[in-house]
Amino acid sequence: MFTSSRMSSFHHHMKTHTNEKTHLCHLCLKTFRTVTLLRNHVNTHTGTRPYKCSDCSMAFVTSGELVRHRRYKHTHEKPFKCSMCKYASVEASKLKRHVRSHTGERPFQCCECSYASRDTYKLKRHMRTHSGEKPYECHVCHARFSQSGTMKTHTQQKHSEDLPKHQCPHCATIITRKSDLRVHIRNLHTYSAAELKCRYCSAVFHERYALIQHQKTHKNEKRFKCEHCSYACKQARYMTSHIRIHTGEKPFTCLSCNKCFRQKQLLKVHFRKYHDASFIPAVYKCTKCDKGFSRWVLY
DNA sequence: AAGTGGGTCGCCCTCTGCTGGTTCAGA
DNA sequence: ATCTGAACCAGCAGAGGGCGACCCACTT
């Protein structure tokens with residue numbers, strides 16, 4: 001309800017209800033209620049910005065814009081304070097938008113899917129996922145992206161020489177993206193309540209990285225030891241064939257002369273030597289004593 | 001009537017962080 | 001040859017900063 005002690009103010013107020021816009025912009029034919037509004041509008045055409053900032057080179061059409069600019073850039077005065085957290089903003093609309101992050105309100109519904117956003121920009125940006133629009137192009141390889149940030153990261157990682165690196169605080173690993181470092185820490189350096197057992201011995205760990213480091217110590221170890229002699233080897237398959245020395249087992253039989261062998265390889269060598277007519281043993285000569293060998297392995 | 005200050009709506013931008021598919025080296 | 005898993009990568013959403021344009025009430 002508008003009240004005023006002055007008749008002029010009352011008349012002025014009443015004009016706001018008439019929608020009477022008599023001031024015409026001769027450049028775009030738009031009409032305005034007051035001369036001031038028209039003048040401000042014409043200034044947007046001409047580029048006239050009478051309100052200049054004393055602390056930087058910015059200039060504005062209206063005094064209100066200047067005040068707001070000064071709050072953002074120079075005074076940092078933030079009159080709109082959130083009652084639920086420490087957030088404060090220069091503009092009421094920003095506070096309104098921020099409050100939605102507390103209430104969960106999402107007034108902007110996508111017409112193509114169930115997504116709803118808290119502000120118009122996010123909905124507009126989301127709509128690109130339906131339209132396939134990719135307005136941002138890499139100036140080097142011309143790859144296209146739907147968001148500027150994605151393009152920026154791409155350019156930095158693919159085409160920049162001094163790209164930032166992220167050192168893991170727990171190990172020597174260096175990872176190019178901060179978010180990937182977080183994944184690395186989560187997967188390898190986070191305490192696990194469940195025991196992580198070494199696949200080669202009885203050791204147990206509660207952190208994956210420690211387990212992996214420990215398992216590496218087994219790498220050159222001859223873990224497979226013969227129960228009957230001092231023989232040891234790195235792989236189980238070698239032990240299987242070694243054990244046949246003690247058991248006398250010879251599972252590979254030559255079909256030409258019925259001779260039996262412990263290893264498939266031994267049978268192969270036998271067959272080529274005694275039954276394969278096309279086989280010509282290669283002669284490998286020692287570079288130092290000129291002695292000849294029929295097999296490279298003996299050399 | 002003109003000027004001023006506060007307010008609203010809308011647009012665009014950046015920074016940030018998570019997610020899931022792909023690649024590649026080592027087992 | 002195959003499997004596994006860590007790092008790489010693009011996609012996409014959340015949050016907030018900054019400005020343009022305009023409107024309105026009040027004061028001068």
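To find a chain, count down the sequence lines: A is the first, B the second, and so on, and within it residues start at 1.
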[options]: which one has an atom nearest the side-chain heavy atoms of [X]?
X	options	result
A/R208	C/dG16, C/dA6, C/dC19	C/dA6
A/Q157	C/dC9, B/dC9, C/dA6	C/dC9
A/L188	B/dT8, C/dG14, C/dA7	C/dA7
A/N187	C/dA21, C/dA6, C/dC9	C/dA6
A/T173	C/dG20, C/dA15, C/dA7	C/dA7
A/T129	C/dA13, C/dA15, C/dC8	C/dA13

Contact class for [X] vs. all strands (heavy atom < 4.0 Å): base, sugar-phosphate, or nothing?
X	answer
A/R70	nothing
A/R100	nothing
A/Y136	sugar-phosphate
A/S101	sugar-phosphate
A/S148	base

What is the distance, rounded to the nearest whole Å, between atom [atom1] of [X] and atom [atom2] of [N]?
X	N	atom1	atom2	result
A/F60	B/dT4	CZ	P	17 Å
A/R68	B/dT4	CZ	P	18 Å
A/R125	C/dC12	CZ	P	11 Å
A/Y51	C/dG20	OH	P	15 Å
A/H166	C/dC8	NE2	C1'	13 Å

Practice task
For the pair A/R144 (side chain) and A/K134 (backbone), establish whether a donor and an acceptor sit closer than 3.5 Å, ignoring hydrogens and angles.
Solution key: yes
Exercise for the section: Mark yes or no for whether A/Q167, through its side chain, and A/C171, through its backbone, hold a donor-acceptor pair below 3.5 Å. Expected result: yes
Check whether any side-chain N or O of [X] sits under 4.0 Å from OP1 or OP2 of [N], and answer yes or no.
X	N	result
A/H126	C/dA13	yes
A/R128	C/dC12	no
A/S146	C/dC12	yes
A/K124	B/dC11	no

Any donor-acceptor pair under 3.5 Å joining the side chain of [X] to the base of [N]?
X	N	result
A/R97	C/dG16	yes
A/R177	C/dA10	yes
A/Q147	C/dA10	no
A/R106	C/dG14	no
A/R71	C/dG18	no
A/K94	C/dG18	yes

Problem - A/Y72-A/E91 side chain donor-acceptor pair, cut-off 3.5 Å - result: yes
Problem - side-chain contact (heavy atoms from CB on, under 4.5 Å) between A/Y209 and A/H170, worked out - result: CA-CA 9 Å; A/Y209 184 79; A/H170 308 296; over 6 Å; no
Exercise for the section: Please find out if less than 6.0 Å separates the ring center of A/H159 from that of A/H154. Expected result: yes
Exercise for the section: May I ask you to check whether A/H184 and A/H166 place their ring centers less than 6.0 Å from one another? Expected result: no
